[in-house]
Amino acid sequence: MLDLQWVREHPDQVRNAMARKGLENTDVVDRLLEADRTRRAELSELQEAQARSNDVSREIGELMKSGRKEEANDRIAETSLLKKEIREREEAARAAEATVNALLLEVPNIPHETVPDGSGAKDNEVVGEFGERRKFDFEPLPHWEISENLGLIDFDRGSKVTGAGFPFFVGPGAKLERALIAMFLDLASDEGGYTEIQPPLLVNEDSARGTGQLPDKEDLMYEVPRDELYLVPTAEVPVTNLLRDEILESETLPIKYCAYSACFRREAGSYGKHVRGLNRLHQFDKVELVQFVKPEDSYETLETMRDDAERVLQRLGLPYRRLLMCTGDMGFSQAKKYDLEVWSAGQERWLEVSSISNFEAFQSRRMRIRYRPQGQQKTEFVHTLNGSALALPRTVAALLEHYQQANGTVLLPEPLRPYYGADTIG
RNA sequence: GGAGGGGUGGCAGAGCGGUUGAAUGCACUGGUCUUGAAAACCAGCGUGCCCUCGCGGGUACCGUGGGUUCGAUUCCCACCCCCUCCGCCA
């Protein structure tokens, strides 16, 4: 969420930002400002009444102490009306506060000035294309056929046991998955300097709210209502919430975490060839990067974090491209976001495998993650960033397709071999 | 799951119905002293919100939410979390 006081002082910038993000209706801003006026008026009235009440109580205390019991009793008799007033005003102030908070949660983050305007995927800027798309002297197969032929993934039994989108990885398929996770984590921790985290896979409501999955996107998450918990849609949720409600020492920044987790997403919606095979699952593996940085560093960090994610694709030798997301395709909480898409040789299309975002203080304000700048009493909100490095299923798809051979086997890229324990699958 | 103990400021730790935002110690900041440093001494030192151009003032906050009371950190109820013991369990 944005800073209420800032919104109060810059309503036009907020309206402008919403328009850039393609939100026609900016009257939330007006409703918010109005609600804020109401809230402050109610609060003043309440506090004034409380001040009077405190004065009376103090007097009564003094009278009691000096033994003037009857005078005290007279004063006590006078208080009932004031008590009633306070009770009512408390109610009103609370309601006003709740209205303001609810409206504030409806206001999206402000896009950074370097973010291109646009209304959807077509307006994203392709900032660069890297690596060579392989030329095949045979017809490359899509990954679902490769995995079928080699017995890597069992989609049908996954459907039987759980449902569509919950495949079994079997034998070499399972081993490949494990190898990639280990390799990605090593890259992030040993080379990238990220501290490795194994987070819980269930989070409570406060955490889901903290990273912005609630209140709006509850359809995204699987829920365990009996215990009021949610299955994580990404490690971003537990790992960012790790520092919720904390005040960090300035010297500890930047804080860099990497985490592997299974991710659970309901993804209600489209079916068809674009979700075939590994393209879209309800449960998948991902290694996520999260950073907490000083505000002045966050845009530089966005670039280095993007480099960290790209390095994984480079190490795997997979062709990919980098997209700078436009205002309309960016999402509610982000100020700036890159996507990385890997080339799928068997499907001949780009697959999103990573998304790297700067949230500025939008998340940290909600989560109250602050730090104390050197030589300063007042705390400030840190900036948070996160990025995938990488999401596994589509990476696996591209990997199998890119490195498939005419005889049906897959020749793994050199850096992956020690993790997999062999050069070839099949 | 059962029994007991506990949750107070950055940390440690008092308070247990009245002017307590909260003793004390440590940490931190400024000053005195010193050639310099340490020690010592003096002073300051929580957060949110509201009002104010500013000085400043007000209000709320002692795990969370309710209740009793003129007044609650202090009493009552519910919930959450932590610790110890028992049970169960990978």
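Just so it is clear: chains get the letters A, B, ... in the order the sequence lines come, proteins before strands, and each one is counted from 1.
Nearest-nucleotide positions on RNA chain B place A:A51 closer to the 5' end than the other of A:A51 and A:T79. Between A:D55 and A:I76, the one whose closest nucleotide on RNA chain B sits nearer the 5' end is A:D55.
OP1 or OP2 of B:rC50 sits under 4.0 Å from a side-chain N or O of A:R39.
On the P atoms, B:rG18 is 36 Å away from B:rC28, given to the nearest whole Å. Using atom C1' as the reference point in both B:rA72 and B:rA38, the two lie 46 Å apart (nearest Å).
Looking at the side chain of A:R94, the nearest of the listed nucleotides B:rG58, B:rG66, B:rG71 is B:rG66. Here B:rC50 is the nucleotide among B:rG71, B:rC50, B:rU19 with the atom lying nearest to any side-chain atom of A:L43. Comparing atom distances between the A:R370 side chain and each of B:rU47, B:rC70, B:rA60 picks out B:rU47 as nearest. Picking from B:rC51, B:rU59, B:rC49 the nucleotide with the shortest atom distance to the side chain of A:R40 gives B:rC51. The listed nucleotides are B:rG67, B:rC51, B:rG18; the one nearest the side chain of A:R87 is B:rG67.
A cation-pi arrangement is absent between A:R157 and A:F168, since the terminal nitrogen or guanidinium carbon is not both under 6.0 Å from the aromatic centre and inside a 45° cone about the axis.
Residue contacts shown for A:I60 include a base, since a base heavy atom lies under 4.0 Å away. Residue A:N54 is classed as a sugar-phosphate contact, given heavy-atom separations below 4.0 Å to backbone atoms only. At a threshold of 4.0 angstrom between heavy atoms, the contacts of A:R8 are confined to the sugar-phosphate backbone, with no base atom among them. If you check every strand for non-hydrogen atoms under 4.0 Å, A:E48 touches nothing.
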Run the side-chain hydrogen bond (donor to acceptor under 3.5 Å, both in side chains) check on A:E360 and A:Y299 step by step: do they pass?
CA-CA 9 Å; A:E360 297 192 2; A:Y299 279 94; 2.4 Å; yes
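Counting heavy-atom neighbours within 6.0 Å of A:E296 CD, excluding the residue itself, gives a total above 12.
Ionic pairing of A:E191 and A:R311 is not present here: no N-O contact between side-chain nitrogen and carboxylate oxygen is shorter than 4.0 angstrom.
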